[in-house]
Amino acid sequence: MGSWKRSHYCGSVTADQLGQDVCVMGWVQRRRDHGGLIFIDLRDREGVLQLALDPDRDPAAHQKAEAVRNEFVVAVIGKVSPRPDGTVNPKMKTGEVEIEVRELKILNRSETPPFMLDEFTDVAENIRLKYRYLDLRRASVQSCLMLRHRVTRTVRAYLDENGFLDIETPVLTKSTPEGARDYLVPSRVNNGQFYALPQSPQLFKQLLMISGYDRYAQIVKCFRDEDLRADRQPEFTQIDCEMSFVDREDVMTIMEGMIARVFKETRAIELSLPMRRMTYAEALDKYGVDNPDLRFDLELVEITALVKSCGFKVFAEVAAGGGMVKALNVKGGAGFSRKELDEFTAFAAIYGAKGLAWVKMTAEGWQSPIAKFFKPEELSALEKALQAEEGDLLLFVADSAKVANESLGRLRQHLGQKLGLASKEKYSFSWVTDFPMLEWDEEEKRHVAVHHPFTAPLDEDVALLETDPGKARAKAYDLVLNGSEIGGGSIRIHDQAIQQKIFSLLGIGEEEAQEKFGFLLDALSYGAPPHGGIAFGLDRLTMILAGTDSIRDVIAFPKTQKATCLLSEAPGVVAEKQLQELGIRLRKPVNQGKRE
RNA sequence: GGGGCCGUAGUAGAGUCGGUUACAACGCCGGCCUGUCACGCCGGAGGUCGCGGGUUCAAGUCCCGUCGGCCCCGCCA
């Protein structure tokens, strides 16, 4: 660069600087060579600026520009000039001006990039990820990461203003039962033993409350060794908070204030507070899922009682046998084709539904394969329950409560998308509360924690832990935005006896509890304050703010669905010597033969 | 562990019923061009049709396997 100092970002040069000399540095987006005049679009993170090189005015600079190619790194000094009449480009932020280049330096050359870094070329994601450092130069990708920066900046400011202390917690920690599969790190100093990377800093933030820090918050990486999805990465970032001497309302109030601030400062969107609250039971009843998309209504209706003794055996038997029959009235949906109905059936089947019954409400009455099984009064009872009118499509699932709710609930979401009811411009929040404490795990033949083992029961449900633990509800809350769980937390157990009771209900014996969580149990016995907290998925929140469907779009260096990094080629094999130091011998040699 | 979609020059695609030398676009290289902005015009180079096997006189195309990317179920307290 010599003595040159950059004076402006490319994207920040506008008519305000007319007549000034500026020095800009950046990457060549494109060169347009007119034989005489050469134009260069120079790009940096703030935008693109047109450089004009005139052979009559500055022959030396023009000649250097002949050799410039895409993605060369270039510095220029020149005067900010108005573009001649008729050549203003209204599509560009800097389109009223250009730089009359007086001096040009090529700071570095570039190979021809493997793909065009413009906004017009769609590139396969595996290519983008392999050359992520080039992909990250693109304005659309940069805007996601800059948005993410504004989110974290706003969160940190809000939490600081509200008295939260940012305290770091260990990354090398201890594997605990329950929850997701751990990522393990072998210990060299203690051969045969392993650290686990945290699934969340849960225990440490509770310990900090016991230590009197009162309000803790951290934007922190968490690790879960489970399969990936469009909105799930093995390492992801939480906005992790914990507070002492609070109840559920305190936590929800302060946290919805944080979310509102984020929406205001990053997207200039005013949210109305307080946010809606609904119980888990209501969510399941009306929407079939615990993370309902409330941008549209399309509520489920339970008709189990109505069809208990109806003429349609499939419904009647499920209803009589302790199952559940639920229906969805798709207003104006009678126009769906047979093919689309088959598609809906296949969709419901993904979630275990053995069938999807449908009825088209026509001028002639029910058009449906199952119409013939119902008596006239049964038809009218169903129509009334579903408020069915001509032109509607009724969809039914009869199954276990779990399957009926989930399949029809997911179908509801699918239909909302398909019918264009789920606008990306709309943001519908709700807290979902009163989750069950426990859930029966058929595979393991035991109860598992719905939230986590440190979640406190509702005061009025404590007695149920003895008599009917499956019915006990938790002081837990999730924040749901547009059908996506963006955060969740709970008031914690601060009483050692109740904590031990929960462990025993989870089938965690006293010895195991002592071994795995002994330090927490001990801590609880030394004056633990009532406390609770929450964690938000920063990646998911940013995804929604950015309007993208992939979590990879808001992570600089994301992993593929097989949890590999195409850029660094992680994970990789390690030297035998490294394994020896760790006392590890592989069961199967790698790099030999085929995988089984 | 399972279901689905995809893989063809550097990039993103077309390629019919299995049949001559695998096509045009963008990019790249060379030439021309003094107001373009996804500049334009002329010319050129560029291919292990993901990989392996099979069927066939003949495979980008059909079959089997495999690798990779994506979406989903399971899993994710």
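Judged by distance alone with a 3.5 Å cut-off, a donor-acceptor contact links the side chain of A/D227 to the base of B/rG74. Judged by atom type and distance alone, A/R229 reaches the base of B/rG74 through a side-chain donor-acceptor pair under 3.5 Å. With hydrogens and angles ignored, no donor-acceptor pair closer than 3.5 Å exists between the side chain of A/R552 and the base of B/rC70. Looking at A/E98, its side chain comes within 3.5 Å of the base of B/rG35 through a donor and an acceptor atom. Judged by distance alone with a 3.5 Å cut-off, a donor-acceptor contact links the side chain of A/R232 to the base of B/rC75.
The separation of B/rU16 from B/rG68, taken at their P atoms, amounts to 29 Å, rounded to a whole angstrom. Separating the C1' atom of B/rC41 from that of B/rU36 is a span of 15 Å, rounded to the nearest Å.
In this model, the phosphate group of B/rU11 is not approached by any side-chain N or O of A/T112 to a distance below 4.0 Å at OP1 or OP2. OP1 and OP2 of B/rU34 both lie 4.0 Å or more from every side-chain N or O belonging to A/R57. Distances shorter than 4.0 Å separate none of the side-chain N or O atoms of A/R30 from OP1 or OP2 on B/rA38. For A/Q561 and B/rC71, the shortest distance from a side-chain N or O to OP1 or OP2 is below 4.0 Å.
Nucleic acid contact for A/T94: none, since no nucleic acid atom lies under 4.0 Å from a heavy atom of the residue. A/S200 comes within 4.0 angstrom of a nucleotide base, judged by non-hydrogen atoms across all strands. Within the 4.0 angstrom heavy-atom criterion, only backbone atoms of the sugar-phosphate kind lie near A/E125; the bases stay farther away.
Atom CD in A/E444 sits about 11 Å away from atom P in B/rC75, given to the nearest Å.
Here B/rC5 sits opposite B/rG69 as a Watson-Crick or G-U wobble pair (both hydrogen-bonding atom distances under 3.5 Å). When both pairing distances are held under 3.5 Å, B/rA45 makes no Watson-Crick or G-U pair with any nucleotide shown. With both pairing distances under 3.5 Å, B/rC26 is matched to B/rG10 as a Watson-Crick or G-U wobble pair. In a base pair of the Watson-Crick type (N1 to N3 plus N6-O4 or O6-N4) or a G-U wobble (N1-O2 and O6-N3), with each distance short of 3.5 Å, B/rC76 is matched with no nucleotide. B/rC62 is paired with B/rG54 under the criterion used here, namely a Watson-Crick or G-U wobble arrangement in which both key atom distances are under 3.5 Å.
Defined by atom type and a distance below 3.5 Å, a donor-acceptor pair is missing between the side-chain atoms of A/Q238 and A/S200. Judged purely by distance below 3.5 Å, without hydrogens or angles, the side chains of A/D293 and A/Y287 never pair a donor atom with an acceptor atom. A donor and an acceptor atom, one from each side chain of A/Q496 and A/Q500, are nowhere located under 3.5 Å apart. A donor-acceptor pair shorter than 3.5 Å cannot be found between the side chains of A/H452 and A/Q199.
Residues of residues 32-41 of chain A having a heavy atom closer than 4.0 Å to RNA chain B, listed by number: A/R32, A/D33, A/H34, A/G35, A/G36, A/L37, A/F39, A/D41.
Put simply, the side chain of A/H494 does not reach to within 4.5 Å of the side chain of A/I210, judged on heavy atoms.
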